Amino acid sequence: MSDTKTVEPPPPAPEQEPSVPRDRGGMLAYLIGHQSGVVILVALAISLLVGAALIRYQGVSPWFAYETLIREALVYDGAFTRTLQKTAPLVLTGLAVVLPLRVGLFNIGGQGQFATGAIFGAWAAYVAGGAGFAGAVLGMLVGIVCGAAVGVLVGVLKAWRGVHEVISTIMLNYIVAGITFWLVVGPLQAEASKTSGIPQTETIPEAARVGSVAGIPIGFLIALALAVLCWWMLSRTTMGFRLNTVGANKSAAGYAGISIRTTIVLVMAMGAGLAGLGGALEAEGTLHRFEPAIVGTLGFDGITIALLARANPLATIPAAFLVGILRTGAAGLQFNTGIAPEIVDVLLAIILLMVSIPVLGKWLFRSRADKVSVASTSWGS
Amino acid sequence: MNTWVAKNRTTLVVAAVLVVAAYVFYYAKNDIAPSMFGAAWGYAIPLVLAALVGVIGERSGVVNIGIEGQMLLAAFAGFFAAAFSGSMIVGILAGVGTGLLAGGFLAWTTVRWRMDQIIAGVVLNIVATGLTSFYLVSGEILPGVIPNIEVPVLSAIPLIGDVFFSGRSAIALVAIVAAVTVHLALFHSRWGLRTRAVGEYPSAADTAGINVERLRLVNVTIAGSLAGLAGVYLSMDASSSFERGMTAGRGFLALAIMIMGAWRPLRAFVMALFFGFVNAVASQLQQTGGVSIPPQLTGTLPYVATLVVLAVAAGRVRAPGAVGQPYVKKDQ
């Protein structure tokens, strides 16, 4: 027996955009839908303002300084190639932080992993130099393996002994620095270097170097390909699924049968291997040998890039490009205006700060702040 | 008394063994032991202070990766303030004040703005490296020195007096006092109980009426003053100059020390001494050129030792329960 009154269906809802609040439209809707992009632009703007103040304080016109920076990085002869050359290792060190970050691990060991790959990759390329480009490839593989070895150590210490990766990676940075320095003034030192006193390894022969194709460094293309590969791995493969699951909820992942320990070691190996590749490419493509100063700020910049990219492999490309422009331009900036290149550190730190405050997004968009913690994990697990 | 002895059996035994070993070494190798112990303590002083910063922060539930940056900024500020003002006191105050400010920055961004604590520390480190290198001026000198103090009665004790109380910098004594004070405060005072509650289980502390946010803000900020003192020691006492990146990873070593000391001030103190000692051994090896180990490798000894000790011990200690998580009241 039907005792339900037939009810008129409610009048059809008014036409509206699917994911946008009712009374906003157009530009604002677009901005709200692309929050992270806007936050980054705002962060960039604020940091440039603060940088301008610092530059002005040194007695230089900020316009001139920024203009010089851009010119040095993009406009002058060969500048764009140089910037891309600089961006390549940055993408890789950025990925080196991004991959472990997806599992909740904070890999600050980019410096050491990069250096390991650089010295052994350079040596391998030198030794196999007679074989032409195959020598370069060998160098890259050696770089990956040696970098990965460092990562495996960190992963094993974390997975089996609970040693927090922040500390172990930093300790390894210093240990690797000591070991590579010893190698470069000891067993692996170049003959010429012994007389000149500058610590270097043997120069890699022409054939085994990594050059450019139509002005675009091959290293950059390799880095690009790897970034895409990482994105594909994370979003389309089973392994990526495992990584993401362990990162999202360790106990659920364990309950689902994923081996947490293996995942930790694997992801650290992958990340460190990428950093090692970056080192090998830098040695083969830019410096053509290993010197202690080859690492520079590349490892730490990788951390900044990964955080700017919000742990998204594809986003490391524009982030690395930004840092590449700043770093390349800064060298010329010092030459032309006397402003120390460390100003880039200040700019980057401010951008990073602005981008990392969840409340900033909240304030700009009056919406719920995102997931609060990207990187924090407790020491004990 | 007996229960206390019974409960702390292992600690007492280990401590006794260490003390005996130290004295044996002291008398057996009287030519190098005093200087080694002295060097060990000298290396350990900033580590003790920095580790205390970490302990206070983490006991309150806030991870502080930025100790390195705090120390570097303070070293910079202290040195140049003293050099330009002509007064050591101004320098010391500037250094400690900078540590406080940096601590305040960390506290505010992580507690109020709920920024990820590790990122905040990383940002602080980057800013510190950038600013101190950007504004570095060479050729400045300090107007004076930090006085060394000879403590009347205690300096007469054979080994301990020599190392800790006789002719050591005033900052060294402050470090000792600070370690003891923080220990007493943390485990025998109301502030300590509240702090630990906030670090273990903030929602319970909140229910009990403790203002979690404010306590964390205050703790992390005030702890910054210790980092400031450590920085001051580095640039105004241990050496009389400021160099780029002179902290050389001590802030991170301090975190390792904190973990190995199980987040307890006095154990962290001992661990710092252990590190100082390893460093002294490394220096000794470098000098006597013994066993043909190249100096670049012996220099890595403290860092290798850290890894080894952590690998053995880290799994067994437990961090404060709520460390790393910003506290959000349920109705916010």
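Here the structure is a predicted model, which is why all the values come from computation and not from measurement. Lettering follows sequence order; numbering is per chain, from 1.
Of the atoms belonging to I303(A), it is side-chain heavy atoms, and not backbone ones, that fall under 4.5 Å from chain B. Neither the backbone nor the side chain of V344(A) comes within contact range of chain B, judged by heavy atoms closer than 4.5 Å. Looking at F300(A), there are no atoms closer than 4.5 Å to chain B (heavy atoms on both sides), in backbone or side chain. Both the backbone and the side chain of I343(A) come within contact range of chain B, with heavy atoms under 4.5 Å apart. Of the two parts of V122(B), only the side chain, counted from C-beta on, holds a non-hydrogen atom closer than 4.5 Å to a non-hydrogen atom of chain A. Using a 4.5 Å cut-off between heavy atoms, T297(A) does not touch chain B at all. Looking at T109(B), the atoms closer than 4.5 Å to chain A (heavy atoms on both sides) all sit in the side chain, from C-beta outward. Of the atoms belonging to L353(A), heavy atoms from both backbone and side chain fall under 4.5 Å from chain B. Residue contact with chain A, scored on non-hydrogen atoms closer than 4.5 Å, involves the backbone and the side chain of L253(B) alike.
One distance of note links OG1 of T129(B) with CD of E342(A); it measures 9.5 Å at 0.5 Å rounding. In this structure, CD1 on I126(B) lies 7.5 Å from CG on D301(A), to the nearest 0.5 angstrom. Rounding to the nearest 0.5 Å places CG of L255(B) at 7.5 Å from CD1 of I170(A). Interatomic distance, CE of M354(A) versus CE of M115(B), reported as 9.0 Å (0.5 Å rounding). Annotation: the span from I65(B) atom CD1 to F106(A) atom CZ amounts to 7.5 Å, rounded to 0.5 Å. To the nearest 0.5 Å, the span separating CD1 on I179(A) from OG1 on T300(B) amounts to 6.0 Å.
Proximity of a side-chain donor or acceptor of R161(A) to a complementary backbone N or O of L310(B) within less than 3.5 Å is not detected.
Ring geometry for Y135(B) against Y57(A) counts as perpendicular: the plane angle is over 60°, on a 0 to 90° scale with 30° as the lower cut.
Note: A248(B) leads G299(B), A128(B), A248(B) in heavy-atom pairs under 4.5 Å with chain A. The choice from V127(B), L307(B), T132(B) that makes the most heavy-atom pairs within less than 4.5 Å of chain A is L307(B).
Closest heavy-atom contact between L157(A) and A311(B): CD2-CB, 3.6 Å.
Side chains of N173(A) and Y303(B) form no contact here, defined as non-hydrogen atoms less than 4.5 Å apart.
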